[in-house]
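One structure is given here, and the rest of the page talks about it.
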Amino acid sequence: MPDLLDGLNPQQQAAVTLPPVSALILAGAGSGKTRVLTTRIAWLLQTGQASAHNILAVTFTNKAAREMQTRLTAMLPMSPRDLWIGTFHGLSNRLLRTHHAAAGLPRLFQILDQADQLAGIKRMLKAMQVDTDRFDPRKVQQYINQNKENGLRADRAETGDPWNRRMAELHAAWDEQCQREGVVDFAELLLRSNELLERHPEIREHYRTRFHHVLIDEFQDTNRLQYRWLKQFAGEHSALMAVGDDDQSIYAFRGAHSGNMLDFQREFAREHLIRLEQNYRSQGNILDAANALIGNNPGRLGKTLWTAAGQGEPIRVLEALDDQQEARFVCERALALQGEGQALSDIAVLYRSNAQSRVLEHALFSAGIPYRVHGGLRFFERQEIRHALAYLRLLAHADDDSAFLRVVNFPTRGIGARTLEQLDATARAHGCSLWQACTYTDAKPGGRGLGGFVTLIDTLREHTRGLALPEIIEHTLHASGLIEHYRSEKEGQDRLDNLDELVQSARVFLQDEHYVPSDDVLSDFLALASLEAGNHAADAGQDALQLMTVHAAKGLEFGTVFLTGLEEGLFPGEQSLNERHGIEEERRLMYVAITRARKLLYLSLARVRMLHGQTRYGIPSRFLDEIPPGLMRPAVTAAEPVATAHAVARPTDAATARSATPAWPPGMSVRHPKFGIGVILRAEGGADDARVQVRFGREHGEKWLALAYARLEPITAGQ
DNA sequence: CATGTCTCCATTTTT
DNA sequence: TGGAGACATG
């Protein structure tokens, strides 16, 4: 048998062969984190220290869970069905299904994804006649989820002022509505399973004795509730292994609390901290840049990446005149790299915010370069899929009001707002679901309107009884009229294809070797559809350039990375300046971006950019100044002389060639002895009385300065 | 009930 | 700038 430890460096080996104690593994970017995690499990199994039954492995994304599973299956000649590997939400779901009675849930509870939840909240606010100007549904949703993610029930939420009090009431009302409808939102999955274990010592003990080893990936991304959840499994004899990287914590905005790492170290792993610092991904210059940059963050656990590979290419920096030039530069370089034999799919173009992709896409499209944008609509989020799922949800559980409302009149069958209002009133009067309320109305079964709908669902349920899942779906698609509807729609072919794919996905689902069927396969499938929204859109297959946000790039790697839009106000983003540890979070984001590149890293910025329909003049991101200049070198393009902005715009140049470019063109960066660095917004006046408007940082704002007096000097990036 | 028009508003996102 | 959601109109 090949030795599992072959090819592991000493730190990796140490982590893998740790005795059964709790430990914190500080795993830098590209340090073989997943490999360590899976090898640890394999090692535990192979040395007979644990059986698959004893292991719980928790990840954040389904993708990570799958990857771990796949790698394990490859390492060990076994089908690891006994192994509990999954996401926090997936595992919570499993717990709640198993112990639904103890958790106070119906056997076939449904899971609401983010969109379902929002729709449900809107519905609730309307029913309660809440002023949605004062209580924005999204805010309410945020509030509820934030409470839950901090482990708080509505009755323990802060009620200092009237607004908070009202919010807490809405939170309570939401939980009641969910309970009534037998549905559970994402945060509730966690909170409810947490409470299940807290309130039922016998169940908790069962799992504590079962799981000797609990492993957690991406620990820096856990929120407070997730940490608490994990601790439920920490019995006397369990060993917790948390793997993470505080420098890659970029999800604070959605509740991630990287302080959990410090807490974990204090509570569980005082003596066992292992650093994985050897990087197997990037070349030296790239790592040096990353290390230097992140070194500016205070309060790190501390870690310095190094590589046995050489220094590699210098980092290339482009200062484009505007966003279009920046985009053209990317096209040009991408084509050149492709010409040198690099696959487009191994090249990524990264940006801070999605809005920046448009210019890039436009340029790529014009240049005929195939590209793929990550982050669009996902499979299970498509309208037609959601409609189909709503029918299926009604089959499984007719009291699901969200599902009911989504399809009661889709395709249209003459059920208008008035009918629904009455139905809703009936439902509230009887304290029942909309579905049950139908029985109180005088709708004639089989006719048009409500009666017809009820008959439709009833016969559908009858006709699909006993059928296999794909057939159930197939039948539902036809009987509901969805197929017919999209067939008559002119742009409907794509949607029909997607509906076909839904049936196909059910087949794949059943064949998955890791799938552990429960007594209700349809509910299992619906849970999957909620918990795993599927791949992001955009057609795969073809070799294409990869466009995505820096967030979306986390965990990925590319031979070449273009990191675009490195301007103050964009990256770091404007609003991060006002947030508590905003700049540090942005810096970590930058760190993540840099460490995606294996060989070539391009950093680019545009002096002028269209943003929200307005022209913005930017100055280079402060992060550029945090990278040692020796690692960088200006990028040169073949087609255009590059044109760093100041080469064209320098006042001295302008003095000789006086017409074309003004001496102090908008967009130029300047330094003022008192106000610091700013950017020219506009200029006016003649030779003697010339004035310029300059935007400085937060404290000084925008100012008009007379050139004759103000000691302004032009500056360039990196100074 | 579908379609057009207007207004508002813009980080990052997984489950 | 442009997309999404709210409202009005045929």
Residue-phosphate contact under 4.0 Å: Asn62(A) side-chain N/O, dT14(B) OP1/OP2: no
Output field: ring centroids Tyr486(A)/His387(A) closer than 6.0 Å: no
Any residue of residues 589-597 of chain A with a heavy atom less than 4.0 Å from an atom of DNA chain B: none
Partner residues of His485(A) under the side chain to side chain donor-acceptor pair (under 3.5 Å) criterion, sequence neighbours left out: none
Expected rows: protein N/O vs nucleotides 3-11 of chain B N/O, under 3.5 Å:
from    : atom 1 : to        : atom 2 : distance (Å)
dT11(B) : O4     : Glu579(A) : OE2    : 2.3

5′-ward residue of the pair Asn409(A)/His551(A) relative to DNA chain B: Asn409(A)
Interatomic distance, Arg254(A) CZ vs dT12(B) P [rounded to whole Å]: 13 Å
Chi class for dT11(B): syn within 90° of 0, otherwise anti: syn
Range on DNA chain C touched by chain A - first to last nucleotide, heavy-atom distance under 4.0 Å: dT1(C) to dG2(C)
Over-ring placement of Arg97(A) relative to Phe109(A), 6.0 Å and 45° cut-offs: yes
Listed partners of Glu585(A) passing salt bridge (Lys or Arg N to Asp or Glu O under 4.0 Å), at least two apart: Arg588(A)
Ring-face cation contact, Tyr143(A) with Lys139(A), 6.0 Å cut, 45° max: no
Partners meeting side chain to side chain donor-acceptor pair (under 3.5 Å) with Asp494(A) (sequence neighbours left out): none
